[in-house]
Amino acid sequence: MKEEDQTVRILLKISGEVLAGEAGHGIDSLTVKRLTESLMDLVSDGIQVGIVTGGGNFIRGRDLQSIDRITGDQMGMIATVINSLALRDAIEKHGGNAVVLSAIQMPGFLEFFSPRLANDFLERGYIVIYAGGTGNPCLTTDTAAALRAVQTGCSMLLKGTKVDGIYDSDPEHNPEAERFTQLSFEEVLKLDLKVMDAAAVAICRDAELPISIFDIRDPVNIVRILSEPSIGSIVGGKDSW
Ligand code: UDP
């Protein structure tokens, strides 16, 4: 952890699947409300919070068989905008300040992402939601999360999932599966552990930005993971966060 007088800035990746809750599709308002409560707790603790939302609860470009991949990916990126707007709405209803910065130009609708603008909002205590992925096809929001975390100088990239960390085999199918508490970027890439896109892992490795994978089904863990990293799995050096 950083020194107490240093501001902690984190980037949280929330997949579309998480936002969908039990339904598995669309946006579950109760799930979003519960996530928002924990996000507000982080802000109350003085933590600067950036968020990248996925879009898989609506569309993943690669899954659209009858649609050209580039077009499908554009549709997927727009799905992340829908999720980002839902999250912004929930935060504002909860009395918080949030802004959506988009990688896709949407004048009159959303502000276009730039690191300077993001830093400005983060320093003013806004939760900054990065929409539109990277703005480029053939990538995912994991890569967008890694990029935005590096671009805004975060000390940690948190990925909330439906599993409490990284296992040596699928815990849903293998009751003997063991959870790693810490492992290196190279191990994740070499073992092809699929916790995040390889591109995202490589970006974090090069920037020496640790990744924390944790169970976000209980949103309280969003706060807990910062003081108790062992409830999840950490990729990268412990010294750097
Ligand atoms: N996408 C893209 N470029 C990006 C980010 C996302 O083309 O930089 C598209 C891609 O089609 C992807 C979809 O948006 O499948 C939704 O993102 P993702 O699959 O990462 O969402 P998640 O699985 O996290 O909900």
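Note that ligands are numbered from 1 as they come in the structure, with each ligand's atoms numbered from 1 the same way.
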Original post:
Less than 4.5 Å apart, any side-chain heavy atom of T181 and any of S233?
Top reply: no

Subject >> Contact with ligand 1 for P137, non-hydrogen, under 4.0 angstrom >> reply: yes

Subject >> R69/D73 ion pair, N-O < 4.0 Å >> reply: yes

Original post:
Are any of the heavy atoms in N136 under 4.0 Å away from ligand 1?
Top reply: yes

**OP:** Tell me, please: is K13 in heavy-atom contact with ligand 1, that is, under 4.0 Å?
**Re:** yes

**OP:** Measure across T141 and G133 and return the closest heavy-atom pair with its distance rounded to 0.1 Å.
**Re:** CG2-CA, 4.3 Å

Subject >> Check: Q74 N/O within less than 3.5 Å of ligand 1 N/O >> reply: no

Subject >> Protein contact of atom 21 (O) of ligand 1 - nearest heavy atom, named by residue and atom, plus distance >> reply: G55 N, 3.0 Å

Original post:
Do S15 and ligand 1 have an N or O pair less than 3.5 Å apart?
Top reply: no

Original post:
Less than 3.5 Å between some nitrogen or oxygen of A144 and one of ligand 1, yes or no?
Top reply: no

Original post:
For G133, is at least one N or O under 3.5 Å away from an N or O on ligand 1?
Top reply: no

Subject >> SB check K190 E186 (cutoff 4.0 Å) >> reply: no

Original post:
Listed by chain and number, what are the side chain to side chain donor-acceptor pair (under 3.5 Å) partners of S84, not counting sequence neighbours?
Top reply: T53

Original post:
D142 side chain to D197 main-chain N or O, any donor-acceptor pair under 3.5 Å?
Top reply: yes

Original post:
Less than 3.5 Å between some nitrogen or oxygen of T80 and one of ligand 1, yes or no?
Top reply: no

Original post:
Going by heavy atoms, is I14 under 4.0 Å from ligand 1?
Top reply: no

Subject >> T161, N83, T140, I59: member with heavy atom nearest to atom 16 (C) of ligand 1 >> reply: I59

Original post:
Quick one: does N174's side chain have a donor or acceptor within less than 3.5 Å of a partner on S169's backbone?
Top reply: no

Subject >> Shared hydrophobic cluster, V163 / L158 (ILVMFWY, side-chain heavy atoms < 4.5 Å) >> reply: no

Subject >> Subset of ligand 1 atoms that lie under 4.0 Å from at least one heavy atom of G56 >> reply: 21 (O), 22 (P), 25 (O)

Subject >> D142 N/O to ligand 1 N/O under 3.5 Å >> reply: no

Original post:
With a 6.0 Å cut-off on ring centres, are F113 and Y130 close enough?
Top reply: yes

**OP:** Say whether G61, considering both its backbone and side-chain N or O atoms, lies within less than 3.5 Å of an N or O atom on ligand 1.
**Re:** yes

Original post:
K159 side chain to S15 main-chain N or O, any donor-acceptor pair under 3.5 Å?
Top reply: no

**OP:** Within a distance under 4.0 Å of any heavy atom of G16, pick out the atoms of ligand 1 and give their elements.
**Re:** 22 (P), 25 (O)

**OP:** For T134, take its heavy atoms, then give the atoms of ligand 1 lying under 4.0 Å from any of them.
**Re:** 4 (C), 8 (O)

**OP:** For atom 6 (C) of ligand 1, state which one of L139, I78, L64 supplies the nearest heavy atom.
**Re:** L139

Which donor-acceptor pairs under 3.5 Å do the side chains of residues 20-31 make with protein atoms, sequence neighbours left out?
from : atom 1 : to  : atom 2 : distance (Å)
H25  : ND1    : N57 : O      : 2.9
D28  : OD2    : T31 : N      : 3.0
D28  : OD2    : T31 : OG1    : 2.4

Subject >> Protein heavy atom at shortest distance from atom 14 (O) of ligand 1 >> reply: G76 C, 3.1 Å

**OP:** Could you tell me whether a side-chain N or O of T71 sits under 3.5 Å from a main-chain N or O of I67, the two making a donor and an acceptor?
**Re:** no

Original post:
Judging by distance only, is a nitrogen or oxygen of G54 under 3.5 angstrom from one on ligand 1?
Top reply: no

Original post:
Nearest to atom 18 (P) of ligand 1 by heavy atom, N57, D73, T141: which?
Top reply: T141

